[in-house]
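This report refers to the structure that appears directly beneath it.
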Amino acid sequence: EKVNSAVFEYTESAVTLTLTLLGTMCLWNGLMEIASNTKLINRLTKLLSPIVNFLFPGIKSDKKIHQEISMNMIANMLGLGNAATPLGIKAMKSMQEKNPNKERLTDDMATFIISNTASIQIIPTTVIAIRMSLGSANPTNIIFAVWFSTICAAIVGIIVTKICIKLKL
């Protein structure tokens with residue numbers, strides 16, 4: 001009896017969590033789509049341009065890839081990991097089209113994987129949504145810890161990647 005009760009209780013919790021995350025992802029995907037059709041993305045891309053040019057020196061001349069990477073970075077900064085994934089895949093496909101050796105990652109592709117994985121989150125939307133759905137009294141009290149941990153992860157990841165690239169590892 002307890003097993004049956006637990007199965008139904010946690011199934012309900014799983015469905016509620018899934019719907020919460022799906023709603024959050026749809027909202028932000030919609031906003032990113034709207035932003036991509038306005039001048040906002042161009043402005044944000046220009047704002048991120050020095051960072052993107054430093055991290056990805058091989059794509060300086062390709063505006064399309066530059067914008068795709070910028071959109072992915074913006075989505076990750078907003079804590080939209082699930083919404084950022086399609087943008088990241090799009091950027092990787094574009095970089096792979098320009099890749100002369102299809103069997104090997106370019107330095108920019110490797111850097112993109114690391115920067116995408118260890119992305120800085122300003123607003124950890126997904127984590128806040130999960131905490132809210134689980135009844136947290138203060139779902140946003142993790143923001144400073146998220147800032148610290150994601151900044152550290154991004155810095156260490158990028159430094160190690162740049163060292164490996166320089167040493168041809």
Side-chain angles (χ1 to χ4, degrees), residues 18 20-130 142-169:
T18 301
T20 301
L21 292 177
L22 181 64
T24 303
M25 191 169 82
C26 287
L27 169 71
W28 286 105
N29 269 334
L31 290 175
M32 290 300 287
E33 186 64 29
I34 291 167
S36 71
N37 294 321
T38 66
K39 292 183 180 181
L40 178 62
I41 289 299
N42 291 337
R43 288 182 183 157
L44 291 173
T45 300
K46 284 181 185 176
L47 183 68
L48 288 174
S49 189
I51 295 167
V52 173
N53 288 338
F54 169 75
L55 293 176
F56 312 102
I59 61 132
K60 282 183 183 177
S61 61
D62 195 316
K63 186 177 179 179
K64 177 186 171 215
I65 296 173
H66 197 280
Q67 185 173 13
E68 290 171 352
I69 289 173
S70 295
M71 287 182 65
N72 175 266
M73 291 174 84
I74 292 163
N76 276 320
M77 285 180 197
L78 295 173
L80 310 173
N82 293 334
T85 300
L87 299 169
I89 292 170
K90 195 175 185 180
M92 283 297 281
K93 281 183 179 179
S94 296
M95 285 190 276
Q96 181 65 0
E97 288 171 6
K98 305 282 185 181
N99 186 357
N101 182 356
K102 304 295 185 201
E103 302 295 317
R104 188 173 169 89
L105 292 176
T106 64
D107 293 346
D108 289 330
M109 292 169 82
T111 303
F112 182 69
I113 290 170
I114 297 302
S115 66
N116 187 43
T117 304
S119 64
I120 295 172
Q121 290 190 17
I122 297 170
I123 306 168
T125 309
T126 304
V127 176
I128 291 170
I130 291 170
I142 49 123
I143 288 179
F144 291 113
V146 168
W147 289 349
F148 178 75
S149 61
T150 61
I151 288 169
C152 288
I155 289 171
V156 169
I158 290 166
I159 288 171
V160 169
T161 303
K162 291 293 186 183
I163 290 170
C164 289
I165 289 170
K166 194 166 211 105
L167 297 175
K168 304 283 186 209
L169 296 178

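A quick note: this is a predicted structure, and the numbers were derived from the prediction, not measured.
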> Going from CD1 on Ile158 to CD1 on Ile163, what distance comes out if it is rounded to the nearest 0.5 angstrom?
Replying inline: 12.0 Å

>> Given 3.5 Å as the limit, does a donor-acceptor pair link the side chain of Asn116 with the main chain of Phe112, or not?
In response: no

> Distance from Ile69 atom CD1 to Ile51 atom CD1, nearest 0.5 Å?
Replying inline: 12.5 Å

> Say you draw a straight line from CD1 of Ile120 to OG of Ser149; how long is it, rounded to the nearest 0.5 Å?
Replying inline: 10.5 Å

> How many angstroms lie between NZ in Lys166 and NZ in Lys162, if you round to the nearest 0.5 Å?
Replying inline: 9.0 Å

> Could you state the interatomic distance from CD1 (Ile143) to CD1 (Ile128), rounded to the nearest 0.5 Å?
Replying inline: 4.5 Å

> Mind checking whether Asn76 and Leu87 have side chains closer than 4.5 Å, heavy atoms only?
Replying inline: no

>> Nearest 0.5 angstrom please: Thr161 OG1 to Asp108 CG, how far?
In response: 11.5 Å

> Judged by atom type as modelled, is there a donor-acceptor pair below 3.5 Å linking the side chain of Gln96 to the main-chain atoms of Lys102?
Replying inline: yes

> If every non-hydrogen atom of Ala91 is compared with every non-hydrogen atom of Glu68, which pair is closest and at what distance?
Replying inline: CA-OE1, 3.3 Å

> Under 4.5 Å between any side-chain heavy atoms of Met95 and Met92, yes or no?
Replying inline: yes

> Under 3.5 Å, is there a donor-acceptor pair between the side chain of Lys90 and the main chain of Ile65?
Replying inline: no

> Are Ser119 and Thr150 close enough that some pair of their side-chain heavy atoms sits under 4.5 Å apart?
Replying inline: no

> Counting only N and O atoms by type, is there a donor-acceptor contact under 3.5 Å from the side chain of Asn99 to the main-chain atoms of Arg104?
Replying inline: yes

> Where is the tightest heavy-atom contact between Leu48 and Ser70, given as atom of each residue plus distance?
Replying inline: CD1-O, 3.8 Å

> Within a strict 4.5 Å, meaning less than it, do heavy atoms of the Ile59 and Val52 side chains meet?
Replying inline: yes

> Between Glu97 and Asp62, is any pair of side-chain heavy atoms under 4.5 Å apart?
Replying inline: no

> Could you go step by step and tell me if Leu44 and Met77 meet the side-chain contact (heavy atoms from CB on, under 4.5 Å) rule?
Replying inline: CA-CA 12 Å; Leu44 291 173; Met77 285 180 197; over 6 Å; no

> Are side-chain heavy atoms of Cys152 and Phe148 found at a separation under 4.5 Å?
Replying inline: yes

